[in-house]
Asks: 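One structure is given below, represented as structure tokens, and several questions about it will come after.
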Amino acid sequence: MENKEIIKLTNELMYQRHLFNHEYRKDILKMSIPEYIALEYIALEEESGIYEGRAYLKDLADRLHMTMRQVSNMAGKLRDAGYVVWSHDGDGSEGTYVTITESGQSIIRNQEELLKSYYGHVIDKFGKDNLLQLLRLMKQLETIISSEAENLEVESDDYGKHE
């Protein structure tokens with residue numbers, strides 16, 4: 001493949017990812033996508049009862065592929081909005097976690113209804129099979145992108161060692 005073609009495809013991919021992540025959710029989500037995913041995860045932890053409704057920040061960071069600082073900032077926003085309570089085990093070194101509040105449960109239920117209505121129409125028009133195929137392809141692409149990013153990190157680490 002030619003360099004120009006690679007750049008053109010790369011630019012279009014980045015543009016489409018940008019649109020999908022920002023433009024299409026403007027009037028649907030009342031929070032950022034990571035905040036919504038985190039709140040959904042926290043709500044699921046509440047339902048499971050495994051960790052007494054606790055969602056540990058480390059688990060959120062791993063799930064969202066975010067740094068602890070980013071997750072801490074996000075948890076602070078969710079706490080300030082009244083959606084979660086932020087606590088810790090022991091002196092904090094044993095684990096920092098959040099639990100969902102009734103307000104958090106309420107906003108999740110409202111968001112789910114909006115998303116169900118909106119994406120229900122989208123799925124009807126696009127087709128369930130098309131969406132499933134697209135999601136599988138996106139997962140394959142994300143796996144390759146992650147692998148290439150890891151290879152790039154290793155190569156850049158190796159490059160610095162040879163100097």
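We use all heavy atoms of the structure for the numbers below, so side chains are in, but hydrogens, waters and symmetry mates are not.
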Asks: Nearest 0.5 Å please: distance from the NE2 atom of H121 over to the NZ atom of K116.
Replies: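 Nearest 0.5 Å value for the NE2-NZ distance: 11.0 Å.
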Asks: Less than 4.5 Å apart, side chain to side chain, heavy atoms only: is that true for V84 and T99?
Replies: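 Result no, sub-4.5 Å side-chain heavy-atom pair not found.
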Asks: Can I123 and N130 be said to form a side-chain contact (heavy atoms from CB on, under 4.5 Å), step by step?
Replies: CA-CA 9 Å; I123 293 168; N130 284 340; over 6 Å; no
Asks: Can you hop from Y119 to I108 via hydrophobic side chains spaced under 4.5 Å?
Replies: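 Yes.
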Asks: May I ask you to test the Q133-L137 pair for a side-chain heavy-atom distance under 4.5 Å?
Replies: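 Yes - at least one pair of side-chain heavy atoms lies under 4.5 Å apart.
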Asks: Please find the pair of heavy atoms, one from W86 and one from G76, that lie closest to each other, and give the distance.
Replies: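 Nearest pair, atom of W86 first, then G76: CZ3-N, 3.6 Å.
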Asks: Rounded at 0.5 Å granularity, tell me how far CD1 in I37 sits from CE in M31.
Replies: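 So the gap between those two atoms works out to 11.5 Å.
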Asks: What heavy-atom pair brings S103 and G82 nearest, and what distance separates the two atoms?
Replies: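 For S103 versus G82, the nearest heavy atoms are CB-O, 3.5 Å.
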Asks: Would you compute the distance between atom CD1 of I144 and atom CG of N151 and round it to the nearest 0.5 angstrom?
Replies: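 Going from CD1 on I144 over to CG on N151, the span is 11.5 Å.
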Asks: CG of D129: more than 12 outside heavy atoms within 6.0 angstrom?
Replies: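 Not buried by this count: 12 neighbours or fewer within 6.0 Å.
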Asks: Where the side chain of Q105 meets the backbone of E102, is there a donor-acceptor pair that is under 3.5 Å apart?
Replies: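 Such a contact is absent between Q105 side chain and E102 backbone.
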Asks: Could you tell me if Q70 and T67 have a donor-acceptor pair between their side chains, going purely by distance under 3.5 Å?
Replies: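 Note: T67 and Q70 side chains meet the donor-acceptor criterion.
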Asks: Where do I42 and A55 come nearest, in terms of heavy atoms and distance?
Replies: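 Heavy-atom minimum between the residues: CG1-CB, 3.6 Å.
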Asks: Output, in order, the C-alpha distance, side-chain angles, deciding distance and verdict of salt bridge (Lys or Arg N to Asp or Glu O under 4.0 Å) for E112 and R109.
Replies: CA-CA 5 Å; E112 286 173 347; R109 285 190 298 271; over 6 Å; no
Asks: Between E2 and K4, is a salt bridge (Lys or Arg N to Asp or Glu O under 4.0 Å) present by the stated rule, with each step listed?
Replies: CA-CA 5 Å; E2 291 183 35; K4 273 188 172 183; over 6 Å; no
Asks: Is the number of heavy atoms from other residues, nucleotides or ligands within 6.0 Å of CG (D80) greater than 12?
Replies: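 Yes, because the 6.0 Å sphere around CG of D80 holds more than 12 heavy atoms from other groups.
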Asks: Between L9 and L134, is there a shared hydrophobic cluster once you connect ILVMFWY residues whose side-chain heavy atoms come closer than 4.5 Å?
Replies: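 Hydrophobic grouping puts L9 apart from L134.
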Asks: Is there side-chain contact between E45 and R54, with heavy atoms separated by less than 4.5 Å?
Replies: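 When only atoms from C-beta onward are counted, R54 and E45 do not touch, as no gap falls below 4.5 Å.
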Asks: Output yes when R63 and E40 qualify as a salt bridge under the 4.0 Å nitrogen-oxygen rule, no when they do not.
Replies: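 Result for this pair is no, no salt bridge flagged.
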Asks: Mind checking the CZ-OG spacing from R79 to S72? Nearest 0.5 Å is all I need.
Replies: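 These two atoms lie 10.0 Å from each other.
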Asks: In Å, rounded to the nearest 0.5 Å, how long is the span from CD1 of I6 to NZ of K8?
Replies: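 If we round to the nearest 0.5 Å, I6:CD1 and K8:NZ are 13.5 Å apart.
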Asks: Shared ILVMFWY cluster between M74 and I33, side chains joined below 4.5 angstrom?
Replies: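 Linked within one cluster.
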Asks: Please test L131 against V122 for side-chain contact (heavy atoms from CB on, under 4.5 Å), starting from the C-alpha separation and ending with a verdict.
Replies: CA-CA 10 Å; L131 181 59; V122 169; over 6 Å; no
Asks: So, do L78 and V98 sit near enough that their side-chain heavy atoms are less than 4.5 Å apart?
Replies: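 No, every pair of side-chain atoms sits at 4.5 Å or beyond.
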Asks: Any side-chain donor-acceptor pair under 3.5 Å between D89 and Y56?
Replies: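 A pair is found: one side chain offers a donor N or O, the other an acceptor, under 3.5 Å apart.
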Asks: Can you confirm whether I100 sits close enough to V85 that some side-chain heavy atom of one is under 4.5 Å from a side-chain heavy atom of the other?
Replies: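 No. Closest side-chain heavy atoms not under 4.5 Å.
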Asks: Could you tell me if the side chain of L57 sits less than 4.5 Å from the side chain of Y97, heavy atoms only?
Replies: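 A side-chain contact under 4.5 Å is absent here.
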Asks: Can K139 and E142 be counted as an ion pair, charged N to O under 4.0 angstrom?
Replies: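 No salt bridge links K139 with E142.
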Asks: Once you round to the nearest 0.5 Å, how far does CE of M68 lie from CG of N73?
Replies: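 M68 CE to N73 CG: 11.0 Å, rounded to 0.5 Å.
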Asks: Answer yes or no: is there a side-chain heavy-atom contact under 4.5 Å between L114 and N110?
Replies: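 Contact flag for L114/N110 side chains = no.
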Asks: Please test R136 against L132 for side-chain contact (heavy atoms from CB on, under 4.5 Å), starting from the C-alpha separation and ending with a verdict.
Replies: CA-CA 6 Å; R136 281 190 294 271; L132 290 171; 3.8 Å; yes
Asks: Just so I know, are the side chains of Y41 and L64 near enough to count as touching, which here means a heavy-atom distance under 4.5 Å?
Replies: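 No, their side chains stay 4.5 Å or more apart.
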